[in-house]
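Remarks on the structure that follows.
Because only heavy atoms are used, hydrogens play no part in the values below, and waters and symmetry mates are left out as well, while side chains stay in. These numbers come from a predicted model, not from an experiment.
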Amino acid sequence: MTNNNIRVRFAPSPTGKLHIGGARTAIFNWAFARANQGNFVLRIDDTDPERSTKENERIITDALSWMGLDWDEGPGVGGPYGPYKQMERMERYQQVVNDLLKRGLAYPCFCTQEELEAARAKAKAEKNPYQGYQRTCRELSHEEVTKRIQAHEPYTIRIKVPLDHPDIVIDDLVHGRVVFSAKELDDFIIMRSDGTPTYNFCTVVDDADMKISHIIRGDDHLSNTPRQVIVYEALGAPVPAFAHISMILGEDGKKLSKRHGATSVEEYQLEGYEPDAFLNYLALLGWSPDGETTIVPRDVLAHTFSLAHVSKNPATFDPKKLDWINKQYLSNMSDEEFAKTVVEPELVKAGLEKRADFEKNASRYLIMAAITKPRVRVAPDVVGLLHFLYTGPTPSIEEKAIRKGLASGGAEASLLEALEVLRGATSWTPEEIDTALHPCPERIGVSNKVFFGALRAAATGSLVSPPLAESIALLGKDLFLARLDHALDVMKCV
RNA sequence: GUCCCCAUCGUCUAGCGGUCUAGGACACCGCCCUUUCAAGGCGGUAACACGGGUUCGAGUCCCGUUGGGGGCACCA
């Protein structure tokens, strides 16, 4: 599968559904791997047992699969560096911690959470900048440590940041050079008192073990990077390349959250967006091959993606543009494809049609496809567009349609004329109907607007509908004629 | 508070010192097409946050200001 050492990973924590931001991170990683003949590994960072669930894990992998992102290693597919769930790697973390302890690169800390919080609170109260952990337990004697451990005092493990460590320089692939002073770093906790590892530690252990070469992740991790570099160095592992991509914001410029509407991939899937369109939109949020391209098919993305064209700016999620792209994908389908993959399934889902042999009703579905395709934003919209076909011979007619379509002067004459003209029709195709109806308004001396308006109201129960001739053809002769009668009845009652 | 990141039309972006009177796309507005609604065609409004440098020349480089965002947890 690979012919070089490019290995990237996406490591979601299953504490919620897959968010738009996470989805884009996954897309960039996947595309980078594919464009460079590298490997894309999926790892589940589930070290937060309080919030991680099996269900979320499933939702996340489903969402990735829905978007067409396949992983070369990870849950479900295995791989040479597994296991790919952190909860299954606990022994490994313990082993690394023991090794660090033995080599004097980490040490037990007996400070309690209360003590640490008090120090933070004190700094805040005195308006002093919080200096971080003051390395209280760094130089405890061997005797004292063993004594306190034997006394069952709880302790965490902290990493020993070298006091004379030079500046940490990150040559970020999207930001360029970023320099952090090692003095900003305190001896952070790598293992909690319950023996579980912390994020900044286990993510590095895993990335090193899994030979990850490029870490592509959100900007929110840029500040964590120097800490992680310290861990790489303690491990004696090579530091990978980093690429920090910008955050995705809501329409108000604030971090994307619930109040911005749909924020999880699952919601877009449920709303009926095309996975390719969704992928396309997200890929272009922060990545722009040339400033002109708006449609990027999955395979093109997989061939041309490059970190060099990734923007540093935070991006605002724009549902309108997503809609536009989705529409592009929909209208690029042939009528037949649209009929098969959108119209039929949606009507069946809505309970309006039975799942029957598509071929048996092919011509009917083709007409439906032709008239709905340019009018659909997302797939389920076809149901609303076609619903009038399923309301029987005496449908309820919208109040507005009665008032404007049926109550006008020539409405009755129009309906009677249409009845007259179409009653004797021998075939029932849109073309036939159209030619039959076309001369009518002039013949009876009403405007097109009045004539077709009345007809539309009678046939569809609304002033807004797909093209009339096609709609009438779809309705069938009997149903259409019955509706004309019904409309005439309704008019008498007004 | 402190450290770090970011700054071109309302939005996504092109731009990597002269070709920028700043280009494309979405959205918006207008016109055309039209029996409704769409779709489509044509056109339009609209941006280099501010202030200093550097340079013959700055959207493009440097510094500062302002404004956003993120980290500083026994969350990830």
Side-chain angles (χ1 to χ4, degrees), chain A residues 11-15 45-48 50-52 86 109 111-113 116-117 120 123-124 127-132 154-158 170 172 175 178-181 183-186 188-194 196 198-200 202-203 218-227 244 246-247 249 251 253-255 281 284-295 308-309 311-325 327 331 371-377 385 401 405 437-438 441 447-457 460 462-469:
Chain A
S13 73
T15 54
D45 283 8
D46 55 357
T47 50
D48 182 356
E50 303 275 301
R51 298 188 298 147
S52 297
Q86 292 189 324
C109 168
C111 299
T112 64
Q113 275 183 73
L116 297 169
E117 271 159 33
R120 267 193 293 273
K124 196 177 178 184
K127 293 207 194 304
N128 287 324
Y130 174 58
Q131 298 291 343
Y155 61 94
T156 59
I157 305 296
R158 290 183 183 269
I170 314 287
D172 191 279
H175 288 281
V178 182
V179 180
F180 296 88
S181 166
K183 290 175 191 60
E184 310 293 336
L185 268 30
D186 62 3
F188 56 95
I189 293 173
I190 57 174
M191 187 165 273
R192 303 182 190 102
S193 50
D194 66 358
T196 58
T198 59
Y199 167 76
N200 281 131
C202 58
T203 198
D219 261 349
D220 48 343
H221 289 292
L222 185 50
S223 302
N224 281 324
T225 309
R227 259 173 277 278
H244 288 93
S246 66
M247 309 267 77
L249 278 18
E251 285 154 291
K254 296 266 189 277
K255 201 176 168 179
Y281 174 69
L284 254 24
L285 208 54
W287 174 66
S288 144
D290 54 17
E292 307 276 303
T293 306
T294 54
I295 300 299
H309 295 277
S311 163
K312 295 188 276 196
N313 308 9
T316 304
F317 185 79
D318 182 4
K320 289 247 184 67
K321 192 153 189 176
L322 203 213
D323 283 351
W324 180 79
I325 289 182
K327 226 170 193 174
S331 55
I371 62 175
T372 52
K373 206 167 63 170
R375 276 161 255 265
V376 166
R377 181 184 61 96
L385 253 13
L437 256 21
H438 211 76
S447 67
N448 280 349
K449 198 177 169 117
V450 167
F451 181 81
F452 291 107
L455 222 47
R456 190 181 306 280
T460 71
S462 171
L463 252 27
V464 177
S465 83
L468 238 201

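- Checking the phosphate oxygens (OP1, OP2) of B:rC6, no side-chain nitrogen or oxygen of A:Ser246 falls inside 4.0 Å.
- For the P atom pair drawn from B:rU13 and B:rG40, the interatomic distance equals 24 Å after rounding to whole Å.
- For the OP1/OP2 pair of B:rG71 and a distance below 4.0 Å, the side-chain nitrogens and oxygens of A:Asn224 include no atom meeting the criterion.
- Side-chain contact, A:Thr196 with A:Asp194: a donor N or O sits under 3.5 Å from an acceptor N or O.
- Formation of a donor-acceptor pair under 3.5 Å by the A:Asp45 side chain with backbone atoms of A:Thr203 is not found in this model.
- Note that CG of A:Asp219 is 8.0 Å distant from CG of A:Asp172, once rounded to the nearest 0.5 Å.
- Nearest heavy-atom pair, A:Ala457 versus A:Leu463, reported as atom, atom and distance to 0.1 Å: CB-CD1, 4.4 Å.
- Shown here, B:rC28 forms a base pair with B:rG44; the pair counts as Watson-Crick or G-U wobble because both key distances fall under 3.5 Å.
- One can place CD of A:Glu184 at 15 Å from C1' of B:rG70, the figure rounded to the nearest angstrom.
- Using atom P as the reference point in both B:rC12 and B:rG59, the two lie 22 Å apart (nearest Å).
- Taking only side-chain nitrogens and oxygens, A:His221 never comes nearer than 4.0 Å to OP1 or OP2 of B:rA76.
- Summarising the base pairing, B:rU65 is matched to B:rA49 through a Watson-Crick or G-U wobble pair whose two defining distances lie under 3.5 Å.
- For the pair A:Lys312 and B:rA7, the criterion of a side-chain N or O lying under 4.0 Å from OP1 or OP2 is not met.
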